[in-house]
Amino acid sequence: MSDLDTFTLLPLQIDPQSKAVSTSSTSRTLQAELAALNALHRSLLSLETPNQVPPPPVPVNPKRSANITKLRESGNAEHRKGKHAEAVKLYSLGLQMALGRPLWEPQGLVREEVAALYANRAQAHMALLAWPEAAADAEASVEAKRVGNSKAWWRRGKSLVEMGRLDEAREWVRKGLELEGEEAELAGLLKDVEARLEKTKSAAAA
């Protein structure tokens with residue numbers, strides 16, 4: 001019997017004061033859905049509009065967009081100056097602002113902003129030789145934007161290589177090439193990883 005043919009009564013409760021919806025169910029999916037619903041409810045209650053009416057569909061706050069862009073560009077400028085730690089701070093502020101957008105704003109816009117900021121922060125971490133942080137940021141960038149983001153794919157792959165996680169790096173770069181096509185930097189990194197793996201095997205067999 002398919003899911004469409006069944007009905008499941010879920011144990012839901014609503015708080016009479018806050019109107020927050022909760023459940024005694026241990027389902028992680030349900031808990032996540034309710035968390036998102038309650039967050040949206042709180043966002044609507046905090047509106048500074050007449051009668052707390054939501055704004056028109058898909059509005060974008062131009063000031064927030066401008067501030068996020070300015071933080072990213074300032075981070076880029078500090079990175080070019082060699083002030084990588086300062087660049088990390090600026091990218092982090094930009095991420096906080098991008099991830100703090102109201103839930104009714106376009107998710108596609110948020111993903112684009114977040115992908116760029118995580119990728120840039122990964123690069124700054126790499127310059128500081130902070131390979132685990134760089135790998136984590138590059139992966140977060142890819143999660144936000146899987147295609148058309150070859151730099152983030154490369155940066156995580158390179159960070160994994162620097163940490164000596166060669167098998168993981170090979171699998172990661174191969175996956176990146178599947179999505180990005182024969183991107184030159186990724187293809188070059190894959191050759192380097194395979195050469196290192198072959199060298200390691202030869203040394204172990206000697």
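Note that these values count all heavy atoms, side chains included, but never hydrogens, waters or copies made by symmetry.
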When rounded to the nearest 0.5 angstrom, what distance separates [atom1] in [X] from [atom2] in [Y]?
X	Y	atom1	atom2	value
Ser24	Gln13	OG	CD	5.5 Å
Glu183	Leu189	CD	CG	10.0 Å
His79	Gln123	NE2	CD	3.5 Å
Leu37	Lys19	CG	NZ	13.5 Å
Lys175	Arg156	NZ	CZ	9.0 Å
Trp154	Asn149	CH2	CG	13.5 Å

If you compare all heavy atoms of [X] against all heavy atoms of [Y], which two are closest, and at what distance to 0.1 Å?
X	Y	value
Leu117	Ala98	CD1-CB, 4.4 Å
Gly157	Ala169	O-CB, 3.8 Å
Ala87	Gly75	CB-O, 3.4 Å
Val60	Pro106	CG2-CD, 3.8 Å
Leu95	Val114	CD2-O, 4.0 Å

Determine yes or no for a side-chain-to-main-chain donor-acceptor pair under 3.5 angstrom, with [X] supplying the side chain and [Y] the backbone.
X	Y	result
Asn38	Val21	yes
Arg121	Asp137	no
Gln31	Ser25	yes

For Glu73, side-chain hydrogen bond (donor to acceptor under 3.5 Å, both in side chains) partners two or more places apart: none
Pairing residues for Lys151 by the side-chain hydrogen bond (donor to acceptor under 3.5 Å, both in side chains) criterion, not counting sequence neighbours: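 Per chain and number, Lys151 pairs via side-chain hydrogen bond (donor to acceptor under 3.5 Å, both in side chains) with no residue.
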N/O donor-acceptor pairs under 3.5 Å from side chains in residues 65-72, not counting sequence neighbours:
unit_1: Ser65; atom_1: OG; unit_2: Asn61; atom_2: O; d: 3.3
unit_1: Ser65; atom_1: OG; unit_2: Arg101; atom_2: NH2; d: 2.8
unit_1: Asn67; atom_1: ND2; unit_2: Lys63; atom_2: O; d: 3.3
unit_1: Thr69; atom_1: OG1; unit_2: Ser65; atom_2: O; d: 3.0

Membership question, hydrophobic clusters at under 4.5 Å side-chain separation (ILVMFWY): are [Y] and [X] in the same one?
X	Y	result
Leu160	Val193	yes
Val142	Leu190	yes
Leu179	Leu186	yes
Tyr118	Trp131	no
Val161	Leu128	no

Under 4.5 Å between any side-chain heavy atoms of [X] and [Y], yes or no?
X	Y	result
Leu12	Leu34	yes
Glu78	Lys81	yes
Ser159	Met126	yes

Residues in salt bridge (Lys or Arg N to Asp or Glu O under 4.0 Å) contact with Arg111, at least two apart in sequence or another chain: none
Contacts of type salt bridge (Lys or Arg N to Asp or Glu O under 4.0 Å), residue Glu133, not counting sequence neighbours: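 By the salt bridge (Lys or Arg N to Asp or Glu O under 4.0 Å) rule, Glu133 matches no residue at all.
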Test log, rule salt bridge (Lys or Arg N to Asp or Glu O under 4.0 Å), inputs Glu194 and Arg174: CA-CA 11 Å; Glu194 290 179 335; Arg174 282 176 175 173; 3.5 Å; yes
Any side-chain donor near an acceptor of the partner, Ser22 and Asp15, under 3.5 Å: no
Donor-acceptor pair between Tyr91 and Asn76 side chains, under 3.5 angstrom: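 Their side chains do contain a donor-acceptor pair, which is all the 3.5 Å distance test asks for.
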Chi angles and distances behind the salt bridge (Lys or Arg N to Asp or Glu O under 4.0 Å) call for Glu168, Arg165: CA-CA 6 Å; Glu168 192 177 346; Arg165 293 157 60 178; 2.9 Å; yes
Identified salt bridge (charged side-chain N to carboxylate O under 4.0 Å, His left out) counterpart of Lys145 within the set Glu113, Glu139, Glu180, Glu112: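 So, applying the salt bridge (charged side-chain N to carboxylate O under 4.0 Å, His left out) to Lys145 and each of Glu113, Glu139, Glu180, Glu112, only Glu112 qualifies.
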Residue list, ring pair (Phe, Tyr, Trp, His ring centres under 6.0 Å) with Trp153, at least two apart or on another chain: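 Scan of Trp153 (ring pair (Phe, Tyr, Trp, His ring centres under 6.0 Å), adjacent residues dropped) gives Trp172.
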